[in-house]
Amino acid sequence: EWLNPIVNALDVDYAKEFVLTSEYLDLYTKEQLLGLAKEAKSNAFTKDELSKKAALVEAILKRAPKGFIPKDFQKAGRVSA
């Protein structure tokens, strides 16, 4: 709650500032990663890519469209008190 006024004052442009990284994706469970991949419209994975979370993260990073911002991340900036 206290962070909202600060975020609003900074007027962050997520399209310019956000970069999808392996560190960010590591916060997701494997199941959540599959949902994120679907959201990014990059969900045709090989058996090997689906076998381990790390391989899935790398596949998403390779296939996600440039400038992709997860909806969950966008929502985090719009949380109201």
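Since we're looking at a predicted model, the values are computed, not measured.
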Shortest non-hydrogen contact between [X] and [Y], atoms and distance:
X: Leu50; Y: Leu34; value: CD2-CD2, 3.6 Å
X: Ala40; Y: Pro65; value: O-CD, 3.4 Å
X: Ala44; Y: Glu49; value: O-OE1, 4.4 Å
X: Leu61; Y: Leu20; value: CD2-O, 3.5 Å

Looking at Lys41, I'd like to know if its NZ atom is crowded, meaning that more than 12 non-hydrogen atoms belonging to other residues, nucleotides or ligands lie closer than 6.0 Å.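 No, NZ of Lys41 has 12 or fewer neighbouring heavy atoms, counting only those of other groups under 6.0 Å.
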Point-to-point distance, once rounded to the nearest 0.5 Å, from [atom1] of [X] to [atom2] of [Y]:
X: Glu39; Y: Ile69; atom1: CD; atom2: CD1; result: 10.5 Å
X: Gln32; Y: Leu25; atom1: CD; atom2: CG; result: 11.0 Å
X: Ile60; Y: Ser22; atom1: CD1; atom2: OG; result: 11.5 Å

Walk me through whether Asp72 and Tyr28 qualify under side-chain contact (heavy atoms from CB on, under 4.5 Å). CA-CA 11 Å; Asp72 287 343; Tyr28 284 74; 4.1 Å; yes
Main chain of Asp26, side chain of Lys53: is a donor-acceptor contact present, judged purely on distance under 3.5 Å?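 Side chain of Lys53 to backbone of Asp26: a pair is present.
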Ring centroid separation Phe68 to Phe18 under 6.0 Å: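 Centroid separation for Phe68 and Phe18: 6.0 Å or greater.
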Treating Ile, Leu, Val, Met, Phe, Trp and Tyr as nodes and any side-chain heavy-atom pair under 4.5 angstrom as an edge, say whether Leu10 and Val19 lie in one connected cluster.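 No; Val19 is not reachable from Leu10 via cluster members.
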